[in-house]
Each structure stands twice: as C-alpha cells, then as structure tokens.
Amino acid sequence: MEQTTIDLVQKSFEKVKPIAPTAAKIFYSKLFELDPSLEALFPSGDEAMASQGNKLMSMLASAVAGLNDLDMLVPVLESLGKRHVEYKVEPSHYATVGAALLGTLETGLGDDFTLEVKEAWTQVYGTMSSVMIGAAN
C-alpha cells in the first residue's frame with residue numbers, strides 16, 4: 001500500500017474523530033438503508049447501538065492507525081474476521097459495509113471527501129475486508 005494512500009486515509013480520519021458518535025449513527029443508518037436485513041445482526045435500542053457505534057469507531061481508529069505497520073495489523077484483522085463469523089456476517093455483507101462507510105465519510109467530510117480520499121478509502125477498505133473475509137473462510 002502506498003504511503004500517499006495511507007496518509008490520505010489517516011488525515012481524513014482525523015477529521016472524522018471529533019464527530020465520531022454522529023459518524024457512527026450515519027454509518028448504521030446508511031447500512032440499514034442499504035440492507036435492512038442486517039439490522040437483525042445488531043443489538044436493538046439506542047443505548048446498545050451507541051455502544052456498538054463506539055466499538056466501530058474505536059476499531060476504525062485502531063485500523064487506520066495501524067496502516068503504517070501492516071505486519072501488526074493483518075493478524076488483528078484476521079482475528080476480527082473470524083469473530084464476525086460468529087456474528088453471522090457473510091462475505092457479501094462486506095461490500096454493503098464498504099458502501100455505508102464511503103457514504104458516511106462523504107457525509108461527514110463534506111468537501112474534504114475528494115476523489116483522491118474516496119479512492120484511498122476504497123483501497124484501504126478493500127484490503128482490510130479481503131483479509132477479514134480470507135480469515136473467515
């Protein structure tokens with residue numbers, strides 16, 4: 001992965017961190033809009049979803065920070081992929097999650113969501129989801 005890609009993802013995520021709870025709400029709203037059946041995989045209730053959103057943003061922050069050391073990040077992603085099997089996550093769900101993530105970034109970053117930023121996130125998410133899917137099989 002090129003350093004410019006990593007830099008674009010890390011710098012853009014810094015702008016998301018201050019709005020993390022809102023970004024998480026946007027993400028799950030987009031996710032369930034794209035595939036309402038996925039809602040059954042998550043806890044119900046505002047408090048439970050707020051907790052889930054915190055987990056999501058924490059995981060994303062760790063993954064984004066870890067892009068500079070893929071040898072350390074890959075085993076973490078593999079473990080996460082294996083755990084997601086227990087949550088009934090299927091390989092096809094990763095594309096929907098990716099679309100929801102990009103939509104969230106577009107909403108959250110506004111004009112800062114440039115084509116270059118979108119391409120960087122697309123590449124990074126593609127790599128991360130491929131590792132997770134591979135570990136789940």
Side-chain angles (χ1 to χ4, degrees):
M1 191 174 305
E2 292 185 21
Q3 190 60 47
T4 53
T5 299
I6 294 170
D7 290 345
L8 280 169
V9 168
Q10 289 176 335
K11 287 177 183 169
S12 61
F13 193 71
E14 284 301 314
K15 296 173 184 174
V16 174
K17 282 183 181 179
I19 62 161
T22 300
K25 285 181 185 177
I26 293 168
F27 171 81
Y28 286 110
S29 175
K30 288 185 181 296
L31 183 67
F32 300 151
E33 180 182 312
L34 290 168
D35 186 347
S37 73
L38 293 179
E39 202 164 353
L41 302 181
F42 292 90
S44 61
D46 291 342
E47 192 173 310
M49 283 308 296
S51 176
Q52 182 67 34
N54 288 338
K55 290 176 190 175
L56 169 72
M57 297 309 292
S58 177
M59 185 279 304
L60 269 176
S62 295
V64 167
L67 291 173
N68 290 316
D69 189 352
L70 292 179
D71 290 338
M72 292 279 284
L73 180 57
V74 167
V76 173
L77 293 173
E78 289 173 339
S79 175
L80 192 59
K82 289 174 185 172
R83 279 199 315 267
H84 276 74
V85 171
E86 297 170 18
Y87 305 139
K88 310 258 189 274
V89 174
E90 299 173 13
S92 63
H93 295 152
Y94 285 89
T96 309
V97 168
L101 176 62
L102 291 175
T104 300
L105 291 165
E106 182 175 17
T107 300
L109 294 172
D111 291 341
D112 289 331
F113 190 71
T114 63
L115 181 58
E116 292 81 15
V117 170
K118 180 179 182 179
E119 289 172 352
W121 273 97
T122 299
Q123 182 182 348
V124 165
Y125 179 75
T127 298
M128 291 193 310
S129 63
S130 292
V131 170
M132 291 174 68
I133 291 167
N137 293 326

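Hydrophobic clustering keeps I26 apart from Y125 (ILVMFWY residues linked when any side-chain heavy atoms are closer than 4.5 Å, directly or through intermediates). Grouping the Ile, Leu, Val, Met, Phe, Trp and Tyr side chains by contacts below 4.5 angstrom, directly or via other members, places Y94 apart from V85. Side-chain heavy atoms closer than 4.5 Å link hydrophobic residues (I, L, V, M, F, W, Y) into clusters, and following such links, possibly through other members, connects L56 to L77. Note on L34: it does not cluster hydrophobically with L60, by side-chain heavy-atom contacts below 4.5 Å among ILVMFWY residues.
V97 is listed as a side-chain neighbour of F27, based on a closest heavy-atom distance under 4.5 Å. Inter-residue side-chain proximity for V117 and L109 is flagged as met; some heavy-atom pair is nearer than 4.5 Å. M57 places a side-chain heavy atom less than 4.5 Å from the side chain of F13. Between E119 and T114 there is no side-chain heavy-atom pair separated by less than 4.5 Å. In this structure, the side chains of Y28 and L38 stay at 4.5 Å or more apart for every pair of heavy atoms. The shortest distance between side-chain heavy atoms of K118 and E106 does not fall below 4.5 Å.
Nearest heavy atoms, A136 versus G81: CB-O, 3.7 Å. Counting all heavy atoms, side chain and backbone alike, S37 lies closest to D35 at OG-OD1, 2.5 Å. The shortest non-hydrogen separation linking Y87 to L41 is O-CD2, 3.7 Å. The minimum heavy-atom distance linking W121 with L102 is given by the pair CB-CD2, 3.8 Å. Shown here for G53 and A24, the closest heavy-atom pair between the two residues is CA-CB, 3.6 Å. Contact between E78 and A135 at its shortest, heavy atoms only, is O-CB, 3.4 Å.
With hydrogens and angles ignored, the 3.5 Å screen pairs a side-chain donor or acceptor of Q10 with a backbone N or O of V64. Distance alone, capped at 3.5 Å, places no donor-acceptor pair between the S29 side chain and the K25 backbone. A distance-only check finds a donor-acceptor pair linking the side chain of N137 to the backbone of I133 [under 3.5 Å]. Distance alone, capped at 3.5 Å, places no donor-acceptor pair between the S58 side chain and the N54 backbone. Within the 3.5 Å criterion, the main-chain N or O of P75 finds no donor-acceptor partner in the side chain of S79.
Of the residues V76, V74, L80, the one that meets the side chain to side chain contact (heavy atoms under 4.5 Å, CB included) test with M132 is L80.
Atom OG1 in T107 sits 9.0 Å away from atom CD1 in I19 (nearest 0.5 Å). Distance CG/L67 to CD/Q3: 9.0 Å, rounded to 0.5 Å. Rounded to the nearest 0.5 Å, atoms CG (L8) and CD (E116) are 7.5 Å apart. Put simply, CG on L70 and CE on M1 are 5.5 Å apart, with the number rounded to the nearest 0.5 Å. Interatomic distance, CD of Q123 versus CD of E2, reported as 7.0 Å (0.5 Å rounding). Rounded to the nearest 0.5 angstrom, D112 CG and K11 NZ are separated by 12.5 Å.
The residues E14 and K17 are annotated as salt-bridged, a charged nitrogen and a carboxylate oxygen being separated by less than 4.0 angstrom.
Enclosure of atom CD in E47 is not indicated, since only 12 or fewer non-hydrogen atoms of other residues, nucleotides or ligands lie within 6.0 angstrom.
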